[in-house]
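Report on the following structure.
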Amino acid sequence: MKKILFPLTLCASFTAFSQVGINTPSPNATLDITAKNSTGISNNVDGLLVPRVDRQRAQSMTGVPVSTMIYVNNITTGTQTGTAANIDAVGYYYFNEANVWTKLKGAGSAIDTNIYNIDGTLTGNRVVSQEDKTLAFTSTATSGTNQFSVDGSTLSVDAVNNRMGVGTTTPQKSLHVNGTMQLTNELNVGGDAASVGNPGTAGQFLTSGGPGVSTTWTTTTSPINVLAATIPSTGVNQTGESFPAFSVSKQNNAYLSFNPANSVVTVVKSGYYQLIASVSYNFISTIGASVTSRIYKNYVSPVSNTILSIASTTYPGTVSPSFPPPVYHSIASAIYLNAGDTIRISQYNSNASANYMSGSYTYVIYNYLGQ
């Protein structure tokens, strides 16, 4: 009889008072549940036990009233579609006006501000304490760039090509700095992913190994004079470029070879070289002209060459018997040369009628600086 009378009494209470209290004689709401032990050290369980279902069961319900609450305890069943479109984790869900189960938010949250599914704004400074845990970001992108960034191009990560850019969202190398860079400690060169590179020693300088090759530290040495020559005084009255003959006074065959027939210097020992040439022009006519001095590397033709240094001077014509004053060109270059590279020095006259002659100040010096 007790099992029958209690529901009847409860129903009567609903009808008479429209409020039900559990563990309280004075309910303050339609249903007021008061903890049986609100304080103390009792080990009795107090609380509201919401129905626990898996995702498939939640997905299968029909005609669910708005505000119905459940606890989804398993998401390996069912699918994240239909009314279960939002069920992607174990937790509390309620049925909303859009007829879908919606994850119960934290206290005071009007919307879900989880960074994984919506943008948000920090309302204050935040600190992530990792303790002894790691924090990793992974990407499955197969195209595009800028998969992770800070203020656009301030810091940009290209996860497709494993590159990082500073000042650019399209880094071209493993580290691409588009702007200035300050280094306040040692620079290590070489090494690999698991070993430290070489910081070099005081006084060394970096030498490029070319594309795809690591730079290396190079030790400076006192310059070694390996070739010295002069250009004898000769008259030139041709238009265009000429390669004057050298008169060699010193030559070290271990570093350079010299062909007197065409004044071509060929590198024997690879390394850094300092090339210095002082060329003078003494005009012996009153006709205006332009003269140019050049140092060439691997000269083939006027349209196929590398100019290491150049100087040019133009003078107007003068009235006889006064000639234009002498012209002095100092041209120089410091460059890394490989064995087999060639060097030539040329003189150019723009007007065949404007005769000139090489003066006594025309000389060439080659110094070896080291590797």
Side-chain angles (χ1 to χ4, degrees), residues 223-252 255-268 270-318 322-338 340-369:
I224 301 173
N225 180 231
V226 293
L227 188 143
T230 58
I231 301 176
S233 297
T234 55
V236 178
N237 62 359
Q238 68 179 33
T239 300
E241 195 164 39
S242 62
F243 296 90
F246 288 178
S247 176
V248 175
S249 58
K250 179 179 180 179
Q251 179 186 350
N252 190 327
Y255 296 88
L256 302 171
S257 66
F258 175 71
N259 186 344
N262 54 16
S263 296
V264 173
V265 175
T266 302
V267 177
V268 175
S270 299
Y272 282 95
Y273 286 84
Q274 180 186 45
L275 316 177
I276 304 172
S278 179
V279 183
S280 65
Y281 299 88
N282 295 319
F283 289 92
I284 54 176
S285 73
T286 59
I287 300 174
S290 174
V291 290
T292 303
S293 306
R294 296 182 178 92
I295 300 178
Y296 285 118
K297 171 188 173 184
N298 296 332
Y299 179 91
V300 177
S301 69
V303 295
S304 178
N305 58 72
T306 300
I307 299 175
L308 301 182
S309 185
I310 184 172
S312 184
T313 304
T314 299
Y315 275 96
T318 59
S322 297
F323 296 151
V327 175
Y328 301 98
H329 287 167
S330 293
I331 50 179
S333 178
I335 188 174
Y336 188 90
L337 298 173
N338 292 301
D341 286 339
T342 59
I343 301 297
R344 300 188 77 180
I345 295 178
S346 76
Q347 295 174 305
Y348 174 83
N349 179 22
S350 66
N351 191 332
S353 298
N355 297 336
Y356 69 86
M357 63 186 300
S358 299
S360 58
Y361 291 99
T362 301
Y363 65 87
V364 180
I365 295 175
Y366 289 69
N367 294 324
Y368 179 77
L369 303 179

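When reading the values below, keep in mind they use all heavy atoms of this one structure, side chains included, and skip hydrogens, waters and symmetry mates. These figures come from a predicted structure and were not determined experimentally.
Rounded to the nearest 0.5 angstrom, K297 NZ and N338 CG are separated by 6.5 Å. Taking CD1 of I331 as the reference point, atom CD1 of I295 lies at 4.0 Å (rounded to 0.5 Å). We find the OH-OG distance between Y363 and S247 to be 15.5 Å, quoted to the nearest 0.5 Å.
Among all heavy-atom pairs drawn from L256 and V267, the shortest one is CD2-CA, 3.8 Å. Across all their heavy atoms, R344 and Y299 have their closest contact at NH1-CD2, 3.8 Å. Nearest approach of V268 to S257, heavy atoms of both residues: CG2-N, 3.8 Å. For the pair A229 and V248, the tightest heavy-atom approach, listed with the atom from each and the gap, is CB-CA, 3.9 Å.
By the ring pair (Phe, Tyr, Trp, His ring centres under 6.0 Å) test, Y272 is found to be paired with F205, Y336, residues two or more places apart in sequence or in another chain being considered. In this view, S330 and S278 satisfy the side-chain contact (heavy atoms from CB on, under 4.5 Å) rule, not counting sequence neighbours. In this structure, the side-chain contact (heavy atoms from CB on, under 4.5 Å) partners of P223, at least two apart in sequence or on a different chain, are N367, L369. Judged as a ring pair (Phe, Tyr, Trp, His ring centres under 6.0 Å), and not counting sequence neighbours, the contacts of Y273 are Y368. Applying the side-chain contact (heavy atoms from CB on, under 4.5 Å) criterion to N259, with sequence neighbours excluded, gives A261, N262. In this structure S346 satisfies the side-chain contact (heavy atoms from CB on, under 4.5 Å) test together with E241, F243, R294, Y296, sequence neighbours excluded. Among residues two or more places apart in sequence or in another chain, the side-chain hydrogen bond (donor to acceptor under 3.5 Å, both in side chains) test is passed with N252 by none. Shown here are the side-chain hydrogen bond (donor to acceptor under 3.5 Å, both in side chains) partners of T314, two or more places apart in sequence or in another chain: S290. Listed by chain and number, the residues in a side-chain hydrogen bond (donor to acceptor under 3.5 Å, both in side chains) with T292 are S312 (sequence neighbours excluded). Legend: residues meeting side-chain hydrogen bond (donor to acceptor under 3.5 Å, both in side chains) with T313, ordered by chain and number and at least two apart, are H329.
Put simply, the side chain of S249 gets close to the backbone of A228: a donor and an acceptor are under 3.5 Å apart. At least one donor-acceptor pair under 3.5 Å links the side chain of S263 to the backbone N or O of F246.
With I343 as the partner, the side-chain contact (heavy atoms from CB on, under 4.5 Å) test is satisfied by one option alone out of N298, T266, L337, V264: L337.
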